[in-house]
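What you are looking at is a predicted structure, and each value in this text was computed from that prediction instead of being measured.
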Amino acid sequence: MGFVNMESIATSKKEDYLTGFSSKAIHVGQEPDPETQSITTPIVMTSSFRIVDAVHPKYSYSRLNNPTRVALETNLAALEEAKYCICTSSGMAACCIVMHLFKPKEHIILSTDVYGGVTGYTSKIAPTSQGLEIETVDLSDPANLLKHIKPNTKAVWMESPSNPLLKIYDIQALAKICAEKKVLLILDNTFMTPYLMNPLKLGVNIVIHSCTKYIGGHSDMIMGAIMTSDNDIHEHLRKAAILIGPCPSPIDCFLALRGIKTLAVRMDYAEKNAIALAEFLLKHPKVEACYYPGLPSHPGHELHKKQAKGFGAMISFKVKGKMEDAKKICDSVHIITHASSLGGVESLISMPAYSSHSNLTAEARKSVGISDNLVRLSVGVENVEDLKKDLTQAFAKIQQLHSKLQLIP
């Protein structure tokens with residue numbers, strides 16, 4: 001029989017026991033309030049703080065930092081296995097802050113399939129207001145990246161899985177090329193969350209999240225986050241965030257902390273639902289194609305398994321027919337809601353061509369495979385059989401639509 005080392009027990013700390021994701025999500029950065037012993041992080045609603053130490057004040061003004069936001073940033077950094085986290089007022093605010101790393105005439109490469117807001121910013125604002133040179137490149141073959149890196153290339157911006165076609169890219173291979181060429185690799189990890197993938201461990205330099213989505217998880221707040229383990233990058237981004245000023249409210253920080261506590265549970269359940277719905281859609285006679293990395297038929301299935309712990313809960317599919325057929329499905333659901341955004345406990349359905357990627361021209365959407373009959377489904381945590389029934393009756397409405405059109409003289 002072994003003996004317990006009482007000395008090691010006496011000197012151990014709470015952090016020594018926080019090894020699992022959910023344990024970190026619930027406890028890191030969230031010690032009981034020293035004044036009241038409240039077990040939930042207080043919402044510190046103040047613009048200013050009384051300064052006790054004029055030289056090194058811990059808090060002075062909430063644009064600079066706030067106790068509720070510090071708790072959230074500490075927690076998110078631990079979950080993403082990063083040294084630093086900066087929270088912003090929205091996901092797009094996080095993207096714009098990162099863009100301030102770059103100077104006029106510097107070259108930024110985007111993967112072909114990224115969030116429409118990023119595409120909008122990099123096509124309409126970054127080239128004119130910042131003087132950046134933006135190029136879109138297919139990163140499906142990492143070797144293709146080498147052909148497009150130039151002396152003034154400073155960063156590669158990507159998503160994997162991508163939005164909305166859920167393409168899978170070889171993150172480690174791309175990170176290796178970027179490191180060799182001294183180019184930053186930036187990855188939006190919103191779809192996977194820190195629970196399912198940690199891109200920094202794969203060689204990524206900067207990770208971005210729209211906390212509005214899965215991290216918040218309840219469709220009741222808007223926020224973004226930037227994570228990195230590079231001191232110089234963090235210092236630059238922190239200064240930019242403070243001076244530009246897109247700080248999240250303490251209430252939103254509290255809501256994000258609340259959402260994080262159940263992130264693992266929600267992602268597990270939503271992914272289970274998504275797998276079942278993807279299999280359902282794959283076999284449906286009115287579905288032309290179904291995109292979900294959890295399907296063995298997905299071309300990136302095996303690669304994704306190597307770089308992530310799960311497949312997530314986002315599905316895209318093409319309806320057989322035209323835009324009117326896809327619209328009829330979105331307009332006919334009862335349990336699922338036709339709405340933009342994603343990652344909440346409720347299932348949402350949308351048409352990327354007319355929502356997340358509506359700011360792209362029809363030609364630009366076509367060039368990256370976003371057709372008018374493409375539908376994106378954010379799978380929630382409802383009963384999966386109810387979701388199947390809802391989609392079944394919505395698909396049936398397509399036939400009714402065509403029957404009515406045939407009757408029109």
Side-chain angles (χ1 to χ4, degrees), residues 17-28 30 72 75-76 78-81 159-161 163 166 168 171 187-202 207 209-221 225 227 255-282 290-296 298 300-317 335-337 341-349 376-388 390-391:
Y17 298 93
L18 297 176
T19 56
F21 182 92
S22 288
S23 298
K24 292 178 182 178
I26 294 168
H27 294 288
V28 171
Q30 301 173 80
L72 174 60
N75 185 272
L76 283 173
L79 297 183
E80 196 58 274
E81 301 197 30
E159 299 175 16
S160 185
N163 182 7
L166 297 154
I168 304 300
I171 298 172
L187 188 141
D188 185 331
N189 197 31
T190 298
F191 276 18
M192 284 291 95
T193 80
Y195 177 57
L196 295 180
M197 189 166 75
N198 297 120
L200 296 176
K201 295 174 68 176
L202 300 173
V207 172
H209 284 275
S210 172
C211 302
T212 311
K213 314 305 193 291
Y214 290 106
I215 286 173
H218 294 79
S219 304
D220 55 9
M221 45 77 78
M227 286 86 145
L255 291 173
L257 283 167
R258 178 213 56 185
I260 287 169
K261 293 176 192 292
T262 59
L263 178 59
V265 178
R266 287 185 286 106
M267 291 304 296
D268 283 343
Y269 199 98
E271 181 179 294
K272 182 180 176 181
N273 280 354
I275 291 171
L277 289 183
E279 292 171 348
F280 165 82
L281 290 166
L282 187 66
C290 181
Y291 308 99
Y292 179 65
L295 292 170
H298 189 289
H301 178 74
E302 292 302 323
L303 172 59
H304 185 76
K305 288 199 299 184
K306 294 178 181 178
Q307 57 193 26
K309 306 179 190 76
F311 302 106
M314 295 300 300
I315 302 171
S316 287
F317 62 95
I335 298 174
I336 303 168
T337 302
S341 199
L342 59 103
V345 291
E346 61 285 303
S347 295
L348 302 180
I349 196 167
R376 192 184 74 180
L377 179 61
S378 171
V379 183
V381 298
E382 300 95 338
N383 178 279
V384 71
E385 294 304 320
D386 289 342
L387 295 175
K388 286 181 183 178
D390 196 19
L391 286 171

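- Checking side-chain atoms of His218 against main-chain N and O of Gly216 turns up a donor-acceptor pair under 3.5 Å.
- Between the side chain of Asn198 and the backbone N or O of Pro194 there is at least one donor-acceptor pair closer than 3.5 Å.
- With sequence neighbours excluded, no residue forms a ring-ring contact (aromatic ring centres under 6.0 Å, His included) with His27.
- Nearest heavy-atom pair, Ala278 versus Ile315, reported as atom, atom and distance to 0.1 Å: N-CD1, 3.7 Å.
- With sequence neighbours excluded, the residues forming a side chain to side chain donor-acceptor pair (under 3.5 Å) with Asn189 are Glu80, listed by chain and number.
- Under the 4.5 Å side-chain criterion, counting only non-hydrogen atoms from C-beta, His301 is not in contact with Pro293.
- Atoms CZ and NZ, from Phe191 and Lys213 in turn, are 8.5 Å apart once rounded to the nearest 0.5 Å.
- Partners of Phe280 under the side chain to side chain contact (heavy atoms under 4.5 Å, CB included) rule, at least two apart in sequence or in another chain, are His284, Lys388, Leu391, Thr392.
- Every residue two or more places apart in sequence or in another chain that forms a side chain to side chain donor-acceptor pair (under 3.5 Å) with Glu382 is listed here: Ser347.
- The one candidate from Val265, Asp268, Ile260 that meets the side chain to side chain contact (heavy atoms under 4.5 Å, CB included) condition with Tyr195 is Asp268.
- Not counting sequence neighbours, the partners of Asp220 by the salt bridge (Lys or Arg N to Asp or Glu O under 4.0 Å) test are Arg258.
- When side chains are defined from C-beta on, Asn75 counts as touching Gln30, because their heavy atoms get closer than 4.5 Å.
- Annotation: side chain to side chain donor-acceptor pair (under 3.5 Å) contacts of Lys306 (sequence neighbours excluded): none.
- The heavy-atom pair separating Gly312 from Ala274 by the smallest distance is O-CB, 3.8 Å.
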>> Between Ile336 and Leu348, is the side chain to side chain contact (heavy atoms under 4.5 Å, CB included) condition met? List the steps.
In response: CA-CA 6 Å; Ile336 303 168; Leu348 302 180; 5.7 Å; no

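- Here the NZ atom belonging to Lys272 is positioned 12.5 Å from the CG atom belonging to Leu277, to the nearest 0.5 angstrom.
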> Given Thr337 and Ile349, is the side chain to side chain contact (heavy atoms under 4.5 Å, CB included) satisfied, shown in steps?
Replying inline: CA-CA 6 Å; Thr337 302; Ile349 196 167; over 6 Å; no

> Under the side chain to side chain contact (heavy atoms under 4.5 Å, CB included) criterion, do Arg266 and Val345 qualify, and how do the steps go?
Replying inline: CA-CA 7 Å; Arg266 287 185 286 106; Val345 291; 3.7 Å; yes

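- Atom CG in Leu166 sits 5.0 Å away from atom OG in Ser316 (nearest 0.5 Å).
- Taking the salt bridge (Lys or Arg N to Asp or Glu O under 4.0 Å) definition, one finds that Lys305 meets it with Glu302, sequence neighbours left out.
- Atom CG of Leu257 sits about 4.5 Å away from atom CG of Leu72, to the nearest 0.5 Å.
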>> Assess the residue pair Leu342 and Tyr214 against the criterion (side chain to side chain contact (heavy atoms under 4.5 Å, CB included)); give the C-alpha distance rounded to whole Å, side-chain angles, the decisive distance to 0.1 Å, and a yes or no.
In response: CA-CA 7 Å; Leu342 59 103; Tyr214 290 106; 3.7 Å; yes

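- Residue Gly310 comes nearest to Met192 through the heavy atom pair O-SD, 3.7 Å, listed as atom of the first residue, atom of the second, then distance.
- At distances below 3.5 Å, at least one donor-acceptor pair connects side-chain atoms of Asp188 with backbone N or O atoms of Thr190.
- Every side chain to side chain contact (heavy atoms under 4.5 Å, CB included) that Ile275 has, sequence neighbours left out, goes to Glu271, Glu279, Tyr292.
- A heavy-atom distance below 4.5 Å is not found between the side chains of Met314 and Leu377.
- Within the 4.5 Å cutoff, the side chain of Ile215 has heavy atoms near those of the Leu76 side chain.
- In this structure, Asn273 and Gly380 approach most closely via the heavy-atom pair ND2-O, 3.0 Å.
- Interatomic distance, Leu187 CG to Met227 CE, rounded to the nearest 0.5 Å: 12.0 Å.
- The ring-ring contact (aromatic ring centres under 6.0 Å, His included) test applied to His304 returns Phe311, not counting sequence neighbours.
- Qualifying side chain to side chain contact (heavy atoms under 4.5 Å, CB included) partners for Leu202, counting only residues two or more places apart in sequence or in other chains: Ile171, Gln172, Met197, Gln307.
- For Lys24, there are no side chain to side chain donor-acceptor pair (under 3.5 Å) partners, not counting sequence neighbours.
- In this view, Ser219 and Glu346 satisfy the side chain to side chain contact (heavy atoms under 4.5 Å, CB included) rule, not counting sequence neighbours.
- The distance from the CG atom of Leu281 to the SG atom of Cys290 is 5.0 Å, given to the nearest 0.5 Å.
- Annotation: Lys261, atom NZ; neighbour count of heavy atoms from other residues, nucleotides and ligands within 6.0 Å is above 12.
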